[in-house]
Amino acid sequence: MFDAAVIGGGPAGITAAMYLVRSGCSVILFESLTMGGQILTTDSLENYPGMPKGIKGWELADLFAAHLDGLSLERKTSAVLGIEGSAGAFSLRTSDGEVQARSVVICSGASHRPLGVDGEVRLRGRGVSYCAICDGNFFRGRPVAVVGGGNSALEEALYLSKIVSHLYLIHRRDQFRGAEIYQKRVLETPNIEPVLSATVEELHGASDLESITVRDLKTNTLRDLTVDGLFVFVGMQANTDFVPEGVQMERGFIITDTEMRTSVPGIFAAGDVRAKLCRQVVTAAGDGATAAQAAFLFLEELNAK
Amino acid sequence: MADQINDSAFDESVLKSDLPVLVDFWAPWCGPCRAVGPLVDEISKEYADRLRVFKMNVDENPATPAKYGIRAIPTLILFKAGQVVAQHTGSMPKDEIAKIIDAAL
């Protein structure tokens, strides 16, 4: 029986695990990919305090992970599939058997929301992408589409516009949501063609993406755009498949109080998986420390009973 | 650590290999590739006697990725007797990679 099971090895999970171990708790940490979470898919961070010159995402991820070296904790690459039991006696169902823990800290983060249209899953890696920095180069001199209207969609469109021949920027509203500075740059870029009040209906292509069908929401008409690539940036969704039903959520994200306590005693949540305004590395790390402190107090009260 | 491979050695080392071969197509600027790379190294160790594992930098080697229609990385392709038997794009847990290999070996 572990004092705490920490689920997820991004900034929140790493910080929570570090604080818990340092307060003398026995900890098991689950991360099925390499430590670092979404920092690994970030090109560079310019707003992390203490790094005034900026830092590459993977470099910061390595530094976070190195912070666990030498600490006494159990690390698992198996996936957590479910949580049963109650305060003081949780049982985690994992891809590698059952694990018992007195408390649970959920730091499973968020991932890119898919569009949910026909052909998206089949053509992933065959023209459909969720990472412009990773895959942009495969579309050098070719036409592509970007879906989304927030900051990341606009940023990625600006990045891609330097590589591709033509870029359709598709957004369901009649104006973009992202910061004004990005909107201005997008509109000034000659090879970006805004396609507003429009949704992507269907993707076509036998083995590779060849075209997409777009619906104009104002006229309710369909048209096909010939593109080799489709980059999707329509927001994030929390990774909560394994979270038990009793844990209250809001739009798919876990509700906590300011001490990271969920609606289930003994279960805490930290980082991007939480319902909150600001999803940054610095706030995830802060959440992790708070959750660890709250879990530690919970365990002390449990022991006093 | 899995060895790096280039376009010119691909036919000889991958397609003509006696053992099945897993190739991780990656690039230094690709974050999700960094999430998968260390897992591929572990796979390489654990399957040492049954599987060969290579990594190909798509920046330096454009021919092979083009031949296999790769338009996103990381992409893992499992080859057996010169044929593609499994292909996956995007980061995935080690357990999942192992499952795909086990099913094909």
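FYI, side chains are in, hydrogens and waters are out, and symmetry mates aren't considered; it's all heavy atoms of this structure. A, B, ... follow the sequence lines: proteins, then strands. Residue 1 opens every chain.
Listed options B:Ile70, B:Val58, B:Asp59 were ranked by heavy-atom pairs under 4.5 angstrom with chain A; first place goes to B:Ile70. The residue among A:Gly136, A:Ala79, A:Cys134 with the most heavy atom pairs within less than 4.5 Å of chain B is A:Cys134. When each of B:Gly90, B:Ala72, B:Pro32, B:Gly69 is checked for heavy-atom pairs under 4.5 Å with chain A, B:Ala72 comes out on top. By number of non-hydrogen pairs under 4.5 angstrom with chain B, the leading residue of A:Glu31, A:Arg126, A:Arg124 is A:Arg126.
Proximity to chain A (any heavy atom under 4.5 Å) is restricted, for B:Gln87, to the side chain, taken from C-beta onward. For a residue to count as touching a neighbouring chain, one of its non-hydrogen atoms must lie under 4.5 Å from one of that chain's; by this rule A:Ser207 does not touch chain B. With a 4.5 Å cut-off on non-hydrogen atoms, B:Ala35 touches chain A through its backbone and its side chain both. Interface residue B:Tyr68: only backbone heavy atoms are found under 4.5 Å from chain A.
Using modelled atom types and a 3.5 Å distance limit, the side chains of B:Asp95 and A:Ser95 yield a donor-acceptor pair. A:Thr94 and A:Asp96 share no donor-acceptor pair across their side chains, judged by distance under 3.5 Å alone.
Partner A:Leu203 forms a side-chain contact (heavy atoms from CB on, under 4.5 Å) with one of A:Val121, A:Val227, A:Val128 and no other, that one being A:Val128.
In summary, the aromatic rings of A:Phe231 and A:Phe139 are positioned with their centroids under 6.0 Å apart.
A donor-acceptor distance shorter than 3.5 angstrom exists from the side chain of B:Arg34 to the backbone of B:Pro28, with no hydrogens or angles considered.
Residues A:Thr34 and B:Val36 form no side-chain contact, since every pair of their non-hydrogen atoms from C-beta on lies 4.5 Å or further apart.
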